[in-house]
Amino acid sequence: MSEKQIKPVLTGSAETMLQSFYARAKYSRKKNCRFYDAKAVELVEKIDYDFSKAEKDSTMSGGVIARTIVFDELVRDFIAKNPDCTVVNIACGLDTRFYRMDNGRITWYNIDLPETIQVRDAIYGESGRVSTIGISATDPAWAEKVTKRGKMLFIIEGLSMYLTPEENAQMLSIIRDNFDNATVLLECLAKKWVNKEHTEKSIRDTGAKFIFGADTFDDLGSAAKGFRRVKDDDIVRGMTVIMPYLKPFANLKLVHKAAQKILIFEKA
């Protein structure tokens, strides 16, 4: 097994993908898990990486699983309504959602930094209806590489908090200026957690910084020009799935205010 293992060399926000990947694999191995990521369980042993900090970081892992549950719900619903759609997964890391969502008809692009895609390609070897593009999310050139169009869903998970407001605006402008029929699912850190990456120790130790947050679509300001709000969502219902004891508190405004957001909007 050791000869086949891949040793990723990543730092900063790119390294956080390993923490998220491990969190999904670890949770899926629990006896009473309410979410199961078969691909993460299958492939985690192929990675030569010290996951000991992620192992101990319950704050990070809980948030990852809760947001995954809600994102899965939203993506599955979009695909059910648009079975021949194209999904663009920006900052994909080692995300495995295609393997849970595939209906045999969708086209799926995984986009991330070249060094991240190099690791992903070594582990997954994807092609055909699911493929990879190694490029920055703020480089307009990636739009040309997404050749299958139609109804478009853009997933932006685990990225916006590491970008400046200007970088987030640039990323969204690429979608707005190059794609019609575009729906966006944008995960955002609640504004109260900006500059507080120390609350998630495994993230802090990668050197990544939380520098952007938004609680509502309106908080995106001019970056959302050309889009219209569909829904301001969050990960609370995902939290209640993995931690049922939270259900009595699920309607409290304070809980929703502190939770990670998933802002849903579409091209106007």
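Because the structure is a prediction, the values reported are computed rather than measured. Computed over heavy atoms, backbone and side chain alike; hydrogens, waters and symmetry mates excluded.
Scored by the salt bridge (Lys or Arg N to Asp or Glu O under 4.0 Å) test, Arg229 finds Asp218, Asp232 as partners (sequence neighbours excluded). Legend: residues meeting ring pair (Phe, Tyr, Trp, His ring centres under 6.0 Å) with Phe98, ordered by chain and number and at least two apart, are Trp108. For Met171, the side chain to side chain contact (heavy atoms under 4.5 Å, CB included) test picks out Ile90, Ala137, Ile156, Leu159, Leu163, Asn168, with sequence neighbours left out. In terms of the side chain to side chain contact (heavy atoms under 4.5 Å, CB included) criterion, residue partners of Lys191 (sequence neighbours excluded) are, by chain and number, Asp215, Asp219. Partners of Ala38 according to the side chain to side chain contact (heavy atoms under 4.5 Å, CB included) rule, which considers only residues two or more places apart in sequence or in another chain, are Tyr36. With sequence neighbours excluded, no residue satisfies ring pair (Phe, Tyr, Trp, His ring centres under 6.0 Å) with Tyr109. Residues forming a side-chain hydrogen bond (donor to acceptor under 3.5 Å, both in side chains) with Lys151 (at least two apart in sequence, or on another chain): none. A search for salt bridge (Lys or Arg N to Asp or Glu O under 4.0 Å) contacts involving Asp177 returns nothing, not counting sequence neighbours. For Glu73, the side chain to side chain contact (heavy atoms under 4.5 Å, CB included) partners at least two apart in sequence or on another chain are Arg237.
Residue pairs meeting the salt bridge (Lys or Arg N to Asp or Glu O under 4.0 Å) criterion with at least one partner in residues 77-93, sequence neighbours excluded, are Asp77-Lys81, Asp84-Arg105. Sorted by first and then second residue, the ring pair (Phe, Tyr, Trp, His ring centres under 6.0 Å) pairs with a member in residues 219-241 read Phe227-Phe265; sequence neighbours excluded. For residues 248-259, the side-chain hydrogen bond (donor to acceptor under 3.5 Å, both in side chains) pairs, not counting sequence neighbours, are Asp234-His256.
Around the CD atom of Glu126, the shell of radius 6.0 Å holds more than 12 heavy atoms that belong to other residues, nucleotides or ligands.
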